[in-house]
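Residues take their numbers from the sequence shown, with the count starting at 1. Each ligand, and each atom within it, is numbered from 1 in the order the structure gives.
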Amino acid sequence: MLSEFDLIKRYLARHSILDRRIALGIGDDCALLNPSPGMQLAISSDMLVSGRHFFPDADPYTLGHKCLAVNLSDLAAMGAAPLAFTLALSLPEANPDWLAEFSRGLLALADEHGCHLIGGDTTKGPLNICITIFGELPPGTALRRDAAKVGDDIWVSGTLGDARLALAGYWNEVRLSTSEHQLAATRMHKPIPHIALGMALRGIAHAALDISDGLAGDLGHILEKSSVGATLFVDRLPAGPVLHKQSQDLRRQFTLNGGDDYELCFTAPASRRQDVQTAAAQASTTVTHIGHIVAGAGLRLLDEQGQTVFLQYKSFDHFAHP
Ligand code: ADP
Ligand code: MG
């Protein structure tokens, strides 16, 4: 039988962390952090619940990746650099095979970003994974949701909608070939947090967030917090390579409303277009200019002829779903 302490020692704790900002890691009552001098801490938590955010039989390696990826994505959306994270785990059983794969996926992504596991809690119960992540950034440089200005361009990184299309494949809403479904499913299960882009956009972008529940709904948070409205060109929204081959109607629906893509949506002054492109190139990502921030409230959708498009937009709400 694997005890709680064996489990932590064997799968999660590292012998030494070579980062001067981590004064004390796993093993005491608290971890101790020394953020870089003069830096502000950025802190965020995300909980993933079995049967709600992932299938109960989800591949443990990819699950480990995804749990940390969604938290890193929140740091990216703020323009913060990763520092450390804690992991609260509720597990139905201590299954060594599952734990080995889960920790391998989790720690591989952690290493890629120099983000150290410094503590957590472990208990028996329904599978539930909660990560709290700590990042740092110079004071006053965070990309906040309340910072969009009238006249800003609206941008999105990468492509949208393939994660939602994968879900449509699982639900038989859309018929996809096996290879198409696999490609789309990678977007759903293995999101890539845009840390480098978020950091490169400091001092250039005004507002930013990561798209977890769908572009329209998530952009709505920026609009509300910044007391502004927006115009979006629906047919400029960059569809993922699999969604790209679907009908215009599906492309519009899934780029606008599809969740789980973890791209960044941000606003920046029109005078900074070249700087935005340079930041994206530095971060090896693409960015697409998709609309404008306007005075007033609400989101207006336009086609390429400038005609208003009437589309339902609704982001995912956990309490609206049984
Ligand atoms: P306490 O009883 O003081 O809460 P625990 O016995 O829960 O401490 O944990 C012992 C040590 O192991 C602590 O440093 C804690 O942060 C760490 N720890 C517990 N669970 C995890 C986990 N899932 N991941 C990383 N560290 C963990
Ligand atoms: Mg504890």
Please list, one pair per line, the donor and acceptor atoms closer than 3.5 Å that link side chains of residues 185-203 to other protein atoms, with sequence neighbours excluded.
from : atom 1 : to   : atom 2 : distance (Å)
T186 : OG1    : Q182 : O      : 2.9
R187 : NH1    : T159 : O      : 3.2
R187 : NH1    : T159 : OG1    : 3.0
R187 : NH2    : T159 : O      : 3.4
R187 : NH2    : D261 : O      : 3.1
R187 : NH2    : E263 : OE2    : 2.9
H189 : NE2    : Y170 : OH     : 3.0
H194 : NE2    : E263 : OE1    : 2.7
R202 : NE     : G79  : O      : 2.7
R202 : NH2    : G79  : O      : 3.0

Donor-acceptor pairs are to be reported for all side-chain atoms of residues 129-139 against protein atoms at under 3.5 Å, with residues two or more places apart or in another chain.
from : atom 1 : to  : atom 2 : distance (Å)
T132 : OG1    : S45 : OG     : 2.7
E136 : OE1    : S36 : N      : 2.9
E136 : OE1    : S36 : OG     : 3.4
E136 : OE2    : R21 : NH1    : 3.0
E136 : OE2    : S36 : OG     : 2.7

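Residue G27 has at least one nitrogen or oxygen atom sitting less than 3.5 Å from a nitrogen or oxygen atom of ligand 1, judged on distance alone. Geometrically, ligand 1 and L87 share a nitrogen or oxygen pair separated by less than 3.5 Å.
The atoms of ligand 1 that sit less than 4.0 Å from any heavy atom of D29 are 3 (O). Atom numbering of ligand 1 starts at 1 in the shown order; those under 4.0 Å from a heavy atom of D28 are 13 (C), 14 (O). Close approach of ligand 1 to F5 is summarised as follows: ligand atoms under 4.0 Å from at least one heavy atom of the residue are 6 (O). Those atoms of ligand 1 that come under 4.0 Å of a heavy atom in T122, given as number and element, are 19 (C), 20 (N), 21 (C), 22 (C), 23 (N). Counting atoms of ligand 1 from 1 in the listed order, those under 4.0 Å from a heavy atom of L12 are 22 (C), 23 (N), 24 (N).
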- Message: Would C265 and D218 count as a side chain to side chain contact (heavy atoms under 4.5 Å, CB included) here? Give the steps.
- Response: CA-CA 8 Å; C265 174; D218 285 335; over 6 Å; no
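Interatomic distance, CD1 of I204 versus OG1 of T267, reported as 12.5 Å (0.5 Å rounding). For the atom pair L143 CG and T141 OG1, the distance stands at 7.5 Å (nearest 0.5 Å).
Inter-residue side-chain proximity for L48 and N128 is flagged as unmet; no heavy-atom pair is nearer than 4.5 Å.
Counting heavy atoms under 4.0 Å from ligand 1, residue D121 touches it through both backbone and side chain. When heavy-atom distances to ligand 1 are checked against a 4.0 Å cut-off, I118 has no atom that comes that close, whether in backbone or side chain.
Of all the heavy atoms in A84 and L33, the pair that sits closest is CB-CD2, 4.2 Å.
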